[in-house]
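These notes concern the structure reproduced below.
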Amino acid sequence: MIPGRLAPPKRLRGGAALAIAVKDATEIWRDGRFRWAAGLLLILLIAAIAGGVHNQSQIARQHADAQQAERDVWLDKGDMNPHAAAHYGAFVFKPVQPLSAIDPGLDPFVGVFVFLEAHKQQLARHRPIEDATPTRRLGQLTPASAALVLLPLLVVALTFSSFAGERDQGTLRPLLAMGISRRSLLAGKAMGAMLPLAAVIVPATIIGTLILIGNAPADPNAPIAARAAGIGAVYLIHTLIWVGLGLTISARSKSQGTALVILLAIWFANAFIMPPLAMAAAKWIDPSPSAIEFAAAIQDEKDSWPSWDQRVEKVMERFLDGEFESTMAPSNVEVVALLESEADETALYDRRFTELFQRYQRQARSFERVGAMAPTLAARSLSMALAGTDEAHDREFAAAAARYRTAMLTTLNGELASSGRFNTFDYTRGRDLWEKVPPFDYDVPSARWALSQVSWSASALVAWLIAIAIAAGWSVSSMRLE
Amino acid sequence: MIWFLVGHEWRVLKASTIVRLVIAVFAIALVVASALGTARAEAERATIARFAVSVPHFQPAPGMIGDGATPSMRADFAANERGYLALLPPAPLSALAIGQGDVYPNYIKVTARSLDALVSGDQIEHPLAVASGQFDAAFVVLFLYPLLIFAVSFDLTATERDRGTLRMVLAQPVTLGEVVAGKMIVRVCKLLIPMLLITVGTAALFSPTGADFWPRAMLWVVAIVVYGAVWHGIALVVNARGFSAPANALVLAGIWLLFAVVGPSCVNLLIAIRYPMPSRVEAAVQARAATQDATVQGSRQLGQFLQDHPTSGNVGREGMRQFAMLQAERDRKVAERLQAVEATFNAQLEKQRRLASWLSVLSPTMIAQGVLLDVAGTSTERFDHFRAEAASFQRQWQSYFEPRVLDAATLTPAEFAAAPSFDFVEEPFTLTARRVAMPIIVMAIFAAVLIAIGFRSYRGYQL
């Protein structure tokens, strides 16, 4: 009864799939609505890429110029006490990743610079979202959002009627009666949807790559080819998952109307409901401290320490007890007190910040795990990771800034300790010492590292692709014909 | 007659599986959103209450010098190191819209210095949470509500016309306008009633209803009614075009996508390119350059006083006084220069924000978002107001403590008790009302025009 079970010769099978694909693609192409939708999406994609590259290059230039200006200011600040120089402090600006043009990810939501100074450690300040208009919270068009949110809609429009439409029109049974296997039918329908899609994806990719290369000349220190290829692969797999999903739902649904409604509901849940819900779940598992609690915990701990006077007195007592005689004793008890308090402060901030970042990391993990239910979320996590704009990259930057601060303070305070002068605070140094503090240099971790941070999402995305391929095969092989 | 039609339509929709499904989804989403919002608001309230009780600077604390019997504290320590925590209580309707509450901090540490006078860390919400948005009642209203309005009204008359039943209905002494109005009224009520009950109900039950609560809740209701009316109006206009039901559905889905998703995100891209906010990074560099001389000069002078680490033991009280004087002098100079840079930056930011806000009239979702946040009290405006209040409190704090700091004095408990304290005073409700009046009127005009066009087009409806 079911013709699909009588396998036709291989050659015919391939030919039939191709014929179906060509017929479907031609039909879709002739549909004015598709041309409108595809044209609009293509324009949006190109606008998103051009806008993204424009913004990225602007911000990257600002940050690079600022870092240079800051270095000049640091070197030219004239003679002063090394510890006064530590109080003078240094700004470290977050380097902007070239691929943030494709996926700005969390960049607008994390601080753009850190001020490094004696005694205090700060989190990166001034998240761009604070200065943006509140409407910015509704989302901004980026190449990533166009590829992960808008493109699936076009896929839905191309696939919802694939089988359900034929069934509604009563052409599904005659089609199979012609001796085409169900597998060929599936292959044909899949290709039939993907050919018109290619009309959007291929030009967007070519134009995007050209704009990207034209605007952000390759930096030998930041090889982005692997990361860019990875992002392309993620978007492609995500699109394929949606093609599979569309075909599966179309094969299983009663009518094309039902298929469309179900697919749109899945799309809405993927793009709009899942991100905030997954984050709510992550925060429920690992609640974040509020800003005030976080600041108060640090303050309370600092309050429990001896005051400066008491610290100096204690060091003096130890000095009188002869504690420093056998070593290269710093000549001034206050310097010892200073170095000790600085060490305590650095340890305190390191511990608290590490706790906070670990909590962020656990929340991001939970988010990834819950998000594995939605392929779009998994793809989003991967895209941000590969663009270098996710939470893990921000954490790496914060760690690099903290290390730089420690090195800077060690150089400056160490100089004070080894000056060998009695009135150490009267001791001034100049440019030669400032030059000993190297400029801040941050190396972005490799693409492999970035992927290893989101291995869960990578596995989820691949699992989705396999599952959806199996589901599509099964749905088509067992679908009703009318 | 129209109420008869409404009653009839009510019974028809009651039996419809799709409508029941839509209302169930809507109710579940609203309950989940309200529960999440309430939980957050509760947690915030508890935190604020905890910190408000232990007013930090009035308590004798470690770090004090004295003989124990008469606790006293160094004035600079009390005024600057400990400072004063100015707290912002949760907004009246914060359970309904988290808004900018995950971006701006709800506390500011006030000190008596000219520099670092107002210290506030950022809100330390996970950046992913800010990027993903919050699943609160405002989110459901802004995105899901219009979609569900379309889901229940894409087929006002198309199927009835195609089946021929509409013709029979019109054989009765009713006009098409009345039939359509009846259908609209039922659909408006079906979604509006559960939404208003759930959102306002949760907020009233679970948050303290202060003086401002009910007027704000009323505005919330008005804003939602008007916002819904715009979408109902769009649905009416599309229905009146006379397409088939599936065609209506497709067109409406496209309109939703355009106004609620693509429109706002394109406008935001346009703002980022056309009206970029001034760069904080450049401002930081400018501030650095502007304050360089004063900082370096101050540091050199203070260097004699062991930078920031004098002890009364090694310089004596007179030395501490001189140190305090020099530090205050340096701070004032640096702060003055910093203020000039900040003023330029803020003026530029304000200008860009104003220019950018004009673009939001392009989408009802963007207009409604601004209104809902402002009404809920979680908009940028309330945080700006809090900052301004804290700044004026800082002047009181400074004028109380500065003479004592300059005198290198130690304080008695009585002097602690007499220090000024901060109580946040909400912005008058009328100010909020005035701010949101215009956008609400704009939405109401849109809605009225759309509904008028819809009914007018229905006159030429082909049966």
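Sequence lines set the chain letters: A, B, ... in the order given, protein chains first and strands last, and positions in each chain run from 1. Side chains included, hydrogens not; waters and symmetry mates left out as well; all remaining heavy atoms used.
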Can you tell whether the side chains of Glu81(B) and Lys302(A) come within less than 4.0 Å, N to carboxylate O?
no
Verify whether one side chain among Gln140(A) and Ser265(B) offers a donor that lies under 3.5 Å from an acceptor in the other.
no
Side chains of Phe268(A) and Leu144(B) in contact at under 4.5 Å (non-hydrogen atoms):
yes
Flag the pair Glu293(A) / Thr47(B) as yes when at least one side-chain heavy-atom distance between them is below 4.5 Å, and no otherwise.
yes
Closest approach of Met366(B) to Thr135(A) (non-hydrogen atoms, all atoms of both residues)
CE-CB, 3.6 Å
Roughly how far apart are Phe139(B) CZ and Leu138(A) CG, rounded to 0.5 Å?
10.5 Å
Exam field: side chain His126(A) to backbone Arg280(B), donor-acceptor pair closer than 3.5 Å:
no
Taking the side chain from Gln369(B) and the backbone from Pro134(A), do they hold a donor-acceptor pair closer than 3.5 Å?
yes
When you measure from the side chain of Asp131(A) to the backbone of Met277(B), do you find a donor-acceptor pair of N or O atoms at a distance under 3.5 Å?
no
Pick from Arg127(A), His63(A), Glu70(A): which one has the most heavy-atom pairs with chain B under 4.5 Å?
Arg127(A)
Ignoring hydrogens and geometry, is there a side-chain-to-backbone donor-acceptor pair from Arg137(A) to Gly99(B) under 3.5 Å?
yes
Considering only heavy atoms and a distance below 4.5 Å, find which of Gln299(A), Met384(A), Glu313(A), Arg136(A) pairs most often with chain B.
Arg136(A)
Less than 4.5 Å apart, side chain to side chain, heavy atoms only: is that true for Val261(A) and Ile18(B)?
no
Going by atom types alone, do Gln292(B) and Tyr88(A) pair a side-chain donor with an acceptor below 3.5 Å?
yes
Checking side-chain polar atoms at under 3.5 Å, does Thr133(A) have a donor or acceptor matched by the opposite partner on Arg354(B)?
no
